[in-house]
Asker: 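Would you mind keeping the following structure in view while I ask a few things?
Chain A is the first sequence line, chain B the second, and so forth, proteins listed ahead of strands; every chain is numbered from 1.
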Number of protein chains: 2
Amino acid sequence: MTTEVTRRVVTDQEQAAAARRTVEELLQRVDHRLHSFLSAERARYAAVHSHAVVAVDALLDLVSAGGKLIRPAFCLTGYLAAGGDPENPGIVDAAAALELLHISALVHDDVLDDSRTRRGKPAVHLLHSTLHRSRGWQGESRRFGEGVALLVGDLALVYSDELMSHAPAGGFPEWHRLRSEVMIGQYMDVAAAAEFNIDPDLSRLIALIKSGRYTIHRPLVVGASAAGRPDLAPALVEYGEAVGEAFQLRDDLLDAFGDPALTGKTAGLDFSQHKMTLLLGWAMQRDARIRDLVTEPGHTPDEVRLRLLDTGVPEDVERHIAGLVERGRAAIADAPLEPVWRGELTTMALRVAYRDK
Amino acid sequence: MTTEVTRRVVTDQEQAAAARRTVEELLQRVDHRLHSFLSAERARYAAVHSHAVVAVDALLDLVSAGGKLIRPAFCLTGYLAAGGDPENPGIVDAAAALELLHISALVHDDVLDDSRTRRGKPAVHLLHSTLHRSRGWQGESRRFGEGVALLVGDLALVYSDELMSHAPAGGFPEWHRLRSEVMIGQYMDVAAAAEFNIDPDLSRLIALIKSGRYTIHRPLVVGASAAGRPDLAPALVEYGEAVGEAFQLRDDLLDAFGDPALTGKTAGLDFSQHKMTLLLGWAMQRDARIRDLVTEPGHTPDEVRLRLLDTGVPEDVERHIAGLVERGRAAIADAPLEPVWRGELTTMALRVAYRDK
């Protein structure tokens, strides 16, 4: 009996390692596909004019700077967990499409938020407004830089779609829903920040729409549906909504207390942009003074941070994250998945909930 | 003999009228499809939150304001000329996708150019920066308005793609090329304006890429390829490049001398944005003072207009347009098309070259 149990345990670990290896290998193919696709486009436009490659180069820079590839990882995991063939190049294209969509969202987001850095480098709009100024070009540098970022993000958006057109068609309906929903969620986010709406229910709804669904559950369902298993959607949706909220809450904590050297983006942006995060919403309900610290000029992010810590809300958020990870795990406990993929999804939930960048 | 000739003439006219009627009927279906698609999306998001419909409403407003539907018309004509079945709903979706892509480009363009009006109403970014200001919302009104326009344009872009996914797959490669190329052409345009490059060859290249191909030849080829006739592409490309240049030159003339009450957009924008149009490029080669009138502060658009007329360039542009229309007609003279569609394409060339809005 002991030997048999030991053998089974070893086998489980080996299976988990093999599953992880398959995901990692496919993620490398995604990275390679992004580079080769964009390099081919670059070569095509280099023959046209030197200006014709600028927007493609901006995308190549962002791909080369390296992202966390969270959405491709969930898409691939959903696909493999649903029994999809890992040798199908279409699923690599689907995962690459999700990453390019995300790059588009980041470039446009950085304009919306006037963020200075992205993936450890100057944000696209900032880089090009600086170039405009240093070259003494005509017109307003800000409009030029933001205009370039607008076009670079648009280009990423259409390229993402070109890649997705090579993917298994089963994932298309979820892909369409994912994309339109994230744009609408983004509007809700900027509007809530502008009207300074501190309703935590609205903050949760926005986090669910523009972050949880976009990052976790819809990529998972794109993958599972591409593998011909839309029946897995309900369990993946429940898992994804819980883990997605944990992902967003960690994002809020990283923005407030994280290390910019690790995250590669400006710290305290949620404060300066009056983003109605759950963290801030909860904190303001306990301590009305935080609202003034965020909106009145002359206060430093450190003042907001200290006051936030005093409310005890960050610890509450940590507890809430732990509960969400547990809820995500429970959501897939009875789903018709092989144990190895159930385990992999649990590992991924922990990874996104407790990441440091 | 006389009777027979008369009968044939009548029949040709009847055929032409029937062809035109088919295109018009399909254009009405395109308009209806855009409304029904966006209305269904609106209904879906109305159930979520009042903010969730704002971006969809912006698109419904633009569709309702009515466009010229030039790109859908060329797509449908290419399809029908290639023998496509007019009852295939997929081609209505393809044409509707081209219109939504165009709406996306207009909304984003108006941010790039800081244009005030579009289709006779305030541009999206201006409307929302005004709303932001009047409501006393947090943050900068300009960033808010431009951010909303960015998201509204993104939403139109992803919806255009969702519609195209229902179209016959034969048109997809041309669709992908059309979309990425227009983004790259847009960058080339803003960069040439910023560096104030008056090289007429570059102006022509940009006009070809971002206007001619985007408006005429690629929509035609999307249609013909959707009908399974990619072999028609060479003749349609030659036709489209000539008629597309005529289209762009008319655009330049309308911007300089057109009636804003008819065009529905701000006049003289090319001057104020230093757009290196062919019209301006040619005029500056003849009269260097025009460059100063455009770049130095304190000069009115009327001063530029009068000086432009003095150069005689507007008449030259008119002659060039006439030559381009003739070149377009010649390009399809020997193409394997039914005479009725050859005639319809000639009529369309005249219509875009001599439009007043």
Side-chain angles (χ1 to χ4, degrees), chain A residues 41 45 48-49 51-56 101 104-105 108 111-114 132 135 137-140 143-144 146-148 150-155 157-159 161-162 164-165 169 172 175-176 179-188 190-196 202 205-206 209 273-274 295, chain B residues 41 45 48-49 51-56 101 104-105 108 111-114 132 135 137-140 143-144 146-148 150-155 157-159 161-162 164-165 169 172 175-176 179-188 190-196 202 205-206 209 273-274 295:
Chain A
E41 284 292 300
Y45 285 109
V48 175
H49 191 270
H51 282 178
V53 297
V54 172
V56 183
L101 170 69
S104 168
H108 282 178
V111 174
L112 294 175
D113 294 345
D114 197 18
H132 183 275
R135 287 167 179 159
W137 277 0
Q138 297 281 330
E140 189 200 26
R143 188 166 302 281
F144 181 83
E146 293 181 4
V148 173
L150 193 155
L151 295 170
V152 167
D154 284 355
L155 187 65
L157 200 49
V158 304
Y159 280 155
D161 204 76
E162 184 166 348
M164 188 58 85
S165 73
F172 290 176
W175 165 246
H176 293 312
R179 286 188 308 166
S180 52
E181 192 179 58
V182 74
M183 305 308 171
I184 284 168
Q186 288 275 67
Y187 171 81
M188 293 173 69
V190 294
E195 64 178 6
F196 212 59
L202 179 60
L205 178 64
I206 292 172
I209 289 180
Q273 294 294 320
H274 311 135
T295 51
Chain B
E41 284 292 300
Y45 286 109
V48 174
H49 192 270
H51 282 179
V53 298
V54 172
V56 183
L101 170 69
S104 167
H108 282 178
V111 175
L112 293 175
D113 295 344
D114 198 19
H132 183 275
R135 286 166 179 160
W137 277 0
Q138 298 281 329
E140 190 200 25
R143 189 165 301 281
F144 181 82
E146 293 182 3
V148 173
L150 193 156
L151 295 170
V152 168
D154 284 355
L155 187 65
L157 199 49
V158 304
Y159 281 154
D161 204 76
E162 183 166 348
M164 188 57 84
S165 73
F172 291 177
W175 165 247
H176 292 312
R179 287 187 308 164
S180 52
E181 193 180 56
V182 74
M183 305 308 171
I184 283 168
Q186 288 275 69
Y187 171 81
M188 293 173 69
V190 295
E195 63 178 8
F196 211 60
L202 180 60
L205 177 64
I206 292 171
I209 290 180
Q273 293 294 319
H274 311 134
T295 52

Asker: Please round to the nearest 0.5 Å and tell me the distance separating atom CE of B/M183 and atom CG of A/L157.
Answerer: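 Answer rounded to 0.5 Å: 7.5 Å.
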
Asker: How far apart are the closest heavy atoms of B/Q186 and A/L151, and which atoms are they?
Answerer: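 For B/Q186 and A/L151, the tightest heavy-atom pair comes out as CB-CD2, 3.5 Å.
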
Asker: Nearest heavy-atom pair of B/L112 and A/R143: which atoms, and what distance?
Answerer: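 Shortest heavy-atom contact: O-CD, 3.3 Å.
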
Asker: Look at A/Y45, A/W175, A/F144 and state which one has the largest set of heavy-atom pairs under 4.5 Å with chain B.
Answerer: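 So the answer, after comparing A/Y45, A/W175, A/F144, is A/Y45.
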
Asker: CD1/A/I184 to CG/B/D154 distance, rounded to the nearest 0.5 angstrom?
Answerer: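 Rounded to the nearest 0.5 Å, the CD1-CG separation comes out at 11.5 Å.
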
Asker: Rounded to the nearest 0.5 Å, how far does CG of A/L150 lie from NE2 of B/H108?
Answerer: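 Going from the NE2 atom of B/H108 to the CG atom of A/L150 covers 4.5 Å.
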
Asker: Against chain A, label B/S180 side chain, backbone, both or neither, depending on which of its atoms sit under 4.5 Å from a heavy atom there.
Answerer: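 Both backbone and side chain of B/S180 come within 4.5 Å of chain A.
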
Asker: Identify which part of B/L101 has an atom lying under 4.5 Å from any heavy atom of chain A, answering side chain, backbone, both or neither.
Answerer: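 Contact with chain A is absent: no heavy atom of B/L101 under 4.5 Å.
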
Asker: Is the backbone N or O of B/Y159 less than 3.5 Å from a side-chain atom of A/R179, with the two atoms forming a donor-acceptor pair by type?
Answerer: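 No, because the side chain of A/R179 does not come within donor-acceptor range (under 3.5 Å) of the backbone of B/Y159.
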
Asker: If you count heavy-atom pairs under 4.5 Å with chain A, which of B/E195, B/M188, B/E181, B/M164 comes out on top?
Answerer: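 Most pairs with chain A among the choices: B/E195.
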
Asker: Heavy atoms only, distances under 4.5 angstrom: which of B/V148, B/V56, B/D114 has the most pairs with chain A? Name it, please.
Answerer: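 Heavy-atom pair counts peak at B/D114.
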
Asker: Could you go step by step and tell me if A/V48 and B/I209 meet the side chain to side chain contact (heavy atoms under 4.5 Å, CB included) rule?
Answerer: CA-CA 10 Å; A/V48 175; B/I209 290 180; 3.8 Å; yes

Asker: Could you tell me which portion of A/E140 (side chain, backbone, both or neither) has an atom closer than 4.5 angstrom to a non-hydrogen atom of chain B?
Answerer: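 Side chain of A/E140 only, per the 4.5 Å heavy-atom cut-off to chain B.
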
Asker: Could you tell me which of A/R135, A/E146, A/H51 has the largest number of non-hydrogen atom pairs under 4.5 Å with chain B?
Answerer: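 When all of A/R135, A/E146, A/H51 are compared, A/H51 has the most.
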
Asker: Under a 4.5 Å heavy-atom cutoff, which of B/A52, B/G147, B/A169, B/A55 has the most pairs with chain A?
Answerer: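 Maximum pair count with chain A is reached by B/A52.
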
Asker: Of all heavy-atom pairs between B/A193 and A/Q138, which one has the smallest distance, and what is that distance?
Answerer: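 Residues B/A193 and A/Q138, closest heavy atoms: O-CB, 3.9 Å.
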
Asker: In terms of heavy-atom pairs under 4.5 Å with chain A, which of B/V190, B/V152, B/V54, B/V53 leads?
Answerer: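 Sorted descending by pairs with chain A, the first entry is B/V54.
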
Asker: Is it the backbone or the side chain of B/H132 that comes under 4.5 Å from a heavy atom of chain A, or both, or neither?
Answerer: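 For B/H132, the side chain is the part near chain A, not the backbone.
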
